[in-house]
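See below for the structure under consideration.
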Protein chains: 2
Amino acid sequence: MPTDPDHTFKAGKTSGATLDDVAQEAGVSPATVSRCLNNPGIVRPQLKAKVDAAIEKLDYVPHGAARSLASRRSRLIGAIFPSLDSTLFGGTLEALQCEIASAGYTLVVASSSYEPQQECNHLRNMLASGIDALMLVGAAREASVYRLIGQRHVPYVLTWVAGPDGTHPCIGFDNRAAAAAVTRHLLDMGHRRFAMISGGTATNDRAAARLAGVRAALEEHGLTLDPARTMERPFGVEEGRAALRQLMAREPRPTAVVCGADPFAYGALLECQSLGLKVPDEVSVTGFDDMWLSASLPPGLTTVRTPRKQMGALAGRYLLSILAGKETAPPSPLDFELIVRGSTGPPSR
Amino acid sequence: MPTDPDHTFKAGKTSGATLDDVAQEAGVSPATVSRCLNNPGIVRPQLKAKVDAAIEKLDYVPHGAARSLASRRSRLIGAIFPSLDSTLFGGTLEALQCEIASAGYTLVVASSSYEPQQECNHLRNMLASGIDALMLVGAAREASVYRLIGQRHVPYVLTWVAGPDGTHPCIGFDNRAAAAAVTRHLLDMGHRRFAMISGGTATNDRAAARLAGVRAALEEHGLTLDPARTMERPFGVEEGRAALRQLMAREPRPTAVVCGADPFAYGALLECQSLGLKVPDEVSVTGFDDMWLSASLPPGLTTVRTPRKQMGALAGRYLLSILAGKETAPPSPLDFELIVRGSTGPPSR
DNA sequence: CAGTCTTCTGAAAGCGCTTTCAAATAGCGA
DNA sequence: TCGCTATTTGAAAGCGCTTTCAGAAGACTG
């Protein structure tokens with residue numbers, strides 16, 4: 001009931017008081033009002049009080065665009081995720097937003113749908129919007145994209161990966177090492193016949209690194225991953241289900257199925273249940289990311305816990321620190337954690 | 001390798017070419033360049049070609065803040081969700097972003113963590129950033145918030161609810177009716193002893209409406225929801241598990257457990273499995289939202305499919321249409337769909 | 001070919017704020 | 001009390017773009 005009865009939009013209608021109005025109301029110069037807003041410390045308390053009163057009275061809200069134009073800082077930070085429709089990046093997104101909001105920054109977000117071209121388009125849009133800093137997921141992208149960023153002098157950070165070299169500032173963990181760790185866990189239990197359900201490696205360097213990690217760990221034992229037992233699929237429970245069914249249809253069956261993401265593993269677990277395969281007795285299954293059902297889905301999914309929220313928070317803090325002009329050390333890789341649950345055990349034969 | 005070798009940030013460094021530079025390069029006036037950008041139709045093709053070439057050559061990117069200031073439109077659309085760390089709103093968010101991006105708008109996003117105060121703060125920030133339009137979730141909030149929006153003449157739309165009256169433009173479905181529909185499905189099968197696991201109703205009008213819907217359907221049969229069998233919990237699988245255990249600990253056991261959200265139902269289903277309770281023979285379970293595991297988790301969850309992506313897309317389209325100055329009819333409620341799966345059946349006793 | 005009507009283009013005035021620079025005030029010792 | 005420095009304040013010049021308004025260039029017509 002407190003709103004405009006009709007929802008028609010009157011474009012161009014003047015919006016609120018300006019800084020000049022506030023200055024007049026308070027009987028000071030616009031410059032002083034500006035200082036009250038941006039650097040309250042340097043204005044005499046008595047004056048500041050008058051200005052505050054005027055702001056309050058006129059219900060003044062600063063005009064962002066005008067501020068940006070004059071100060072050359074937009075207070076906008078951009079983030080491009082491969083997908084927004086997943087809990088995976090949700091945690092990172094939420095933590096990032098929370099972190100930067102506390103410093104007065106606003107988050108601009110977009111989803112690339114795992115398509116490099118879309119990422120590039122969104123990036124251009126964001127640069128045009130004048131973002132002060134940028135968060136991206138993964139490291140693999142065309143050189144031209146990095147060139148674009150570098151050209152505009154926009155500080156940026158890559159997440160979900162650990163910098164392979166020092167080329168880019170990264171806030172993430174070593175996907176390859178993490179995948180190797182789960183694999184070794186299985187190897188240590190005696191598994192020798194492996195299969196993998198992996199995300200698409202073409203435009204997803206995290207998925208590629210995980211696949212590489214599995215291969216590397218196997219090689220340490222002189223084993224290789226049979227290409228026929230390496231299924232590359234779009235992320236999803238049903239995809240995991242179907243992949244597991246295929247894997248199990250072929251003799252000799254693998255005793256361990258390593259999944260590049262938890263949803264695959266959920267599907268695998270559920271399909272095992274359907275097929276009457278005992279986990280972990282007949283087959284061990286591992287996931288990746290420790291998403292919200294991993295602890296609950298029987299028999300409990302052995303997986304890698306990845307620092308989703310932490311990456312968002314730290315990425316935010318890192319960018320803010322650079323924007324504040326502080327000397328900021330390039331961040332070092334974060335830890336992952338192997339979570340062993342009921343879905344893995346020694347092979348029976 | 002094509003990037004600045006050191007990641008130090010040089011603030012104040014001049015960024016790229018300006019519109020004036022482009023004008024000079026193309027040998028036309030700045031006004032013409034501006035027109036090429038904003039209204040290419042009205043400039044002679046021959047000139048436009050020259051301008052395009054100049055833009056290309058100088059790698060010109062328009063300065064968003066300057067545009068906003070001069071045109072009084074920021075090309076920014078804001079969205080505040082109760083949470084970003086969930087697939088629930090992820091779909092809506094992604095669809096919204098996709099929709100508005102295609103019209104050249106950029107999405108600004110924030111999470112209120114289900115706290116009204118946070119929502120209000122983020123709203124103020126966004127208004128200061130100059131957003132042209134706004135998307136919110138749910139209708140229940142302080143009158144002052146709506147007043148704030150109305151004052152700035154920012155077009156807005158509420159999602160995940162259907163306007164109870166015509167007070168606000170809403171793009172959503174009738175939560176109450178949807179909950180009533182699942183409940184009637186159970187009633188029709190002969191269930192008479194009900195329990196409910198509900199989200200917090202204090203700051204979540206969707207949860208409140210769902211609870212009300214269940215109550216209303218029961219009342220049609222002269223039944224009431226026992227307060228001792230109405231558990232209000234924060235969303236989550238483990239919460240659902242615990243709630244179900246409590247519900248089943250008390251005789252007489254309910255034959256139907258209605259969950260206000262799918263994660264609760266997942267937990268309930270898993271706990272039934274743990275307890276050795278046969279679903280649906282000993283207890284029927286229903287969810288809400290048809291999230292990604294509902295079809296896969298045995299025995300398949302009977303739930304309500306809610307138009308998550310559609311809401312985002314339509315909300316975007318609605319706002320864009322208003323921003324384009326078109327006469328836009330206030331949207332009408334969307335459909336939900338009852339999805340019957342294996343988790344519901346007639347009560348055994 | 002002149003006259004009239006369109007269609008395009010350019011000059012210039014801001015949009016609302018920040019920030020330099022110089023002027024004013026306050027603070028302080030002598 | 002006066003002079004000098006340290007601190008605040010105000011005037012004014014933009015930030016880079018859009019947009020009005022008027023003028024130039026074409027397109028037609030008679």
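Just so it is clear: chains get the letters A, B, ... in the order the sequence lines come, proteins before strands, and each one is counted from 1. Quick caveat: nothing in here was measured; it's all calculated off a predicted structure.
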Nearest-Å distance for atom pair [atom1]/[atom2], residues [X] and [N]:
{"X": "B:K48", "N": "C:dT9", "atom1": "NZ", "atom2": "P", "value": "12 Å"}
{"X": "B:Y60", "N": "D:dC17", "atom1": "OH", "atom2": "C1'", "value": "7 Å"}
{"X": "A:R75", "N": "D:dC15", "atom1": "CZ", "atom2": "C1'", "value": "15 Å"}
{"X": "A:R67", "N": "D:dC17", "atom1": "CZ", "atom2": "P", "value": "21 Å"}
{"X": "A:K50", "N": "D:dT8", "atom1": "NZ", "atom2": "C1'", "value": "13 Å"}
{"X": "B:L69", "N": "C:dG14", "atom1": "CG", "atom2": "P", "value": "14 Å"}
{"X": "B:L19", "N": "D:dC17", "atom1": "CG", "atom2": "C1'", "value": "6 Å"}
{"X": "B:Q46", "N": "D:dA25", "atom1": "CD", "atom2": "P", "value": "14 Å"}

For this session: Kindly write out the residues that satisfy side chain to side chain contact (heavy atoms under 4.5 Å, CB included) with A:A31, not counting sequence neighbours, or none if the list is empty.
Result: A:S29, A:R35
Problem set entry | Set of residues satisfying side chain to side chain contact (heavy atoms under 4.5 Å, CB included) with respect to B:S74, sequence neighbours excluded | B:S68, B:L76, B:D132
Exercise. Is A:E94 paired with A:K309 through a side-chain N to carboxylate O contact shorter than 4.0 Å?
Worked result: no
Exercise. Any side chain to side chain donor-acceptor pair (under 3.5 Å) pairs touching residues 45-54 of chain B, not counting sequence neighbours?
Worked result: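 Found B:R44-B:Q46, B:K48-B:D52.
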Exercise. How do B:G27 and A:P62 order along DNA chain C: which one's closest nucleotide is nearer the 5' end?
Worked result: B:G27
Problem set entry | Parallel, tilted or perpendicular: ring planes of B:H168 versus B:Y146, cut at 30 and 60 degrees | parallel
For this session: Could you pick out which residue, A:V43 or A:A66, lies toward the 5' side of DNA chain D when each is mapped onto its nearest nucleotide?
Result: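 Counting from the 5' end, the first nearest nucleotide belongs to A:V43.
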For this session: Return the 5'-most residue of the pair B:A65, B:R44 with respect to DNA chain D, ranking by each residue's nearest nucleotide.
Result: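 Upstream on the strand: B:A65.
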Exercise. OP1, OP2 of D:dC15 versus side-chain N and O of A:R72: anything below 4.0 Å?
Worked result: no
Set of residues satisfying side-chain hydrogen bond (donor to acceptor under 3.5 Å, both in side chains) with respect to [X], sequence neighbours excluded:
{"X": "A:S71", "result": "none"}
{"X": "B:S321", "result": "B:T328"}
{"X": "B:S129", "result": "A:T106"}
{"X": "A:D59", "result": "B:Q151"}

Exercise. Looking at five pairs on each end of the helix from C:dC1-D:dG30 to C:dA30-D:dT1, what is the angle between the two axes, given to 10 degrees?
Worked result: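 The end axes of the helix from C:dC1-D:dG30 to C:dA30-D:dT1 are about 30° apart, to the nearest 10°.
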For this session: Scan residues 28-39 of chain A against DNA chain C and write down, sorted by residue number, each residue with any heavy atom closer than 4.0 Å; if none is found, say none.
Result: A:A31, A:S34, A:R35, A:N38
